[in-house]
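Each remark here refers to the structure printed beneath this line.
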Amino acid sequence: MALIGDANLQYRSTKGGGVKLDMPENFIQDIITEDLKEGKNGGKVQTRFPPEPNGYLHIGHAKSICLNFGLAEANGGLCNLRFDDTNPTKEDIEYVESIKEDVRWLGFDWDDRCYYASDYFDRLYEFAIQLIKAGKAYVCDLSPQEIKEYRGTLTEPGKESPYRNRSVEENLDLFRRMRAGEFPDGSRTLRAKIDMASPNLNMRDPVLYRIVHAPHHRTGDKWCIYPMYDFAHPLSDALEQITHSICTLEFADHRPLYDWIIENVDFSDVGPIKPKQIEFARLNLSHTVMSKRKLRLLVERGYVSGWDDPRMPTIAGLRRRGYTPEAIRNFCERIGVARRNSVVDIAFLEHCVREDLNRRAPRIMAVLRPLRVVIDNYPEGQVEWLEAENNPENPDMGTRRVPFSKVLYIEREDFMEDPPKKFFRLAPGREVRLKNAYIIKCDRVVKDQRTGQVTELHCTYDPETKSGSPGAGRKVKVTIHWVSAAHAIEAEVRLYDHLFRSENPDELEDFIADLNPNSLERLTSCMVEPSITGASAGNRYQFLRQGYFCVDPDSSAGKLVFNRIVTLRDEWAKMAGSSDK
Ligand code: ATP
Ligand code: MG
């Protein structure tokens, strides 16, 4: 698999930074355009997003959501939300609710068109009866193991089931009794009568219904037979009169079966539209896994705090981390629609998030690893409220005032007692500018006698160098951020790294072993400027020089908790050859 960038997209770097993309072709739109030109489906475009409620949605689903809702909108059509809930033992109402929340949060609206495959169980049962009556389906008594053995392989044809030629009456009787609960799980199935010698294994008399004595989260105990995906899906599409049924590549081999069902079941009372299946490549992201089964394992075994752990590629995780729906939609659009599988570099997703937050996030100062600084020549008890810009990218966001006083915190890593050549920040005898404030000089270092750790700096400030004043122009190499100790708000900050160490953990046999032990770092005594007072969960900021941060719902009245959304370093822009911001 190729990293995207060489697969479908051409990147141009432009003067002044920023990455411009030549939008890749959307071949699905081309198909729709062609269909509309030919007057197919009476000029109607109807799509659907069909999640199975067996886990939380992830960024791959976002791709499918943007595509289905986006294509409908672009072509004057509608998109339905449909729960593919045909698997009662794995599904749950919790997942239904989370899926609705996530689709809405991404900015899409299904109006009153939220459907459930389970709402169609009666119709699907009638369709099955129809196939039996037409001699196109039969009840088979082979066990699941035997069905497998009879199916043959890619190189050998299958063997016909000994039950294949049961009479229509016998099939009708047995199927009714299957429904009535007379037989145990796995003892019988309903199968389509197609072709055991087909080169396509999906066409070798596929199972349409199985017996599962399990209550369903919507239909309760009404059913003990449940339709298979390959039967329920095309017919749900037909019942909703879907014109373009968009799914991922692994269903390409199922398309002949999809078409067979559409051709052999009579649903003309519902409408004239015969849905067409179109496949596209699923989205894969580097340094993460995307299958719900694997994500569920991470949750169930406690490797993450839940489906919404900010390290998860789930929509709920990305939301909690602080990603915006706009950034995710923009990302989905820019990666385009591919016909072959690839892995998209997670740095590109982060690039899209940065681009969005750069415009909208207010800048504030926060010190993540505080070092105390005493300004010896600053009057005791004096406080100056200094003007600071909220967002240099967006003057409309205005200014605020930050307090300056005798005792400050600066970032521990902005000081070195014995600096190497290229370190231009604070050191004994050196000067730096404090953002929005004054130039200070470090005169003296206080250390813990036992550990040797630096505990405090004593500095002097130059009153002539106040930001915005005539003397402010004096040159120093570096400007650093700071907060006033007496005014600072203490907070917890959670820093994140990739959940998995290797680029493509999905390809590893043991993906769990590849988990990054350093994916979460908690800093519990960070100091944030007081303008943060009143912030609530979901609020996003740029902490100067440290990245973008979002208030986590774990915050309490007593203590704010922040997630770092992304750092400021744009790996993607660098790779794409544009200037580093
Ligand atoms: P998973 O394998 O992650 O469990 P799934 O395909 O079983 O995913 P569904 O709930 O059946 O999950 O998916 C709903 C829709 O989202 C389907 O149309 C599916 O094709 C699409 N989809 C799922 N994963 C991706 C992905 N990584 N990229 C694009 N579309 C996806
Ligand atoms: Mg699925």
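Note that the structure is a prediction, hence the values are computed from the model and not measured. We count ligands from 1, going down the list as the structure has it; atoms in each ligand are counted the same way.
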Are any of the N or O atoms of [X] closer than 3.5 Å to those of ligand 1?
| X | value |
| --- | --- |
| His58 | yes |
| Ser291 | no |
| Pro50 | no |
| Thr248 | yes |
| Phe49 | no |
| Arg293 | no |

Any idea which atoms of ligand 1 are less than 4.0 Å away from a heavy-atom of [X]?
| X | answer |
| --- | --- |
| Pro51 | 10 (O), 14 (C) |
| Phe280 | 29 (C), 30 (N) |
| Leu283 | 26 (C), 27 (N), 28 (N), 29 (C) |

| Going by distance alone, is a donor N or O of one side chain under 3.5 Å from an acceptor N or O of the other, for Glu149 and Gln145? | yes
| query | Does the side chain of Asn80 pick up a donor-acceptor pair with the side chain of Arg113 at under 3.5 Å? | reply | yes
| Which is closest to atom 22 (N) of ligand 1 by heavy-atom distance: Arg296, His61, Lys63, Glu250? | His61
| request: Between Arg82, Arg282, Lys294, Met290, flag the one that comes closest to atom 24 (N) of ligand 1 by a heavy atom. | output: Arg282
| Can you list the residues that meet the side chain to side chain contact (heavy atoms under 4.5 Å, CB included) rule with His498, with sequence neighbours excluded? | His287, Ile346, Glu350
| message | Take a 6.0 Å sphere around NZ of Lys44 and say whether it holds more than 12 heavy atoms from other residues, nucleotides or ligands. | response | yes
| field | Electrostatic pair Arg123-Asp269, nearest N-O below 4.0 angstrom | value | yes
| field | Quiz item: cation-pi between Arg179 and Tyr125, 6.0 Å / 45° | value | yes
| said: Could you check whether Arg218 makes a cation-pi contact with Tyr116, meaning its NZ or CZ is under 6.0 Å from the centre of the six-membered ring and within 45° of the ring axis? | reply: yes
| query | In terms of ring plane angle, is the pair His351 and Phe348 parallel, tilted or perpendicular, where the classes change at 30° and 60°? | reply | parallel
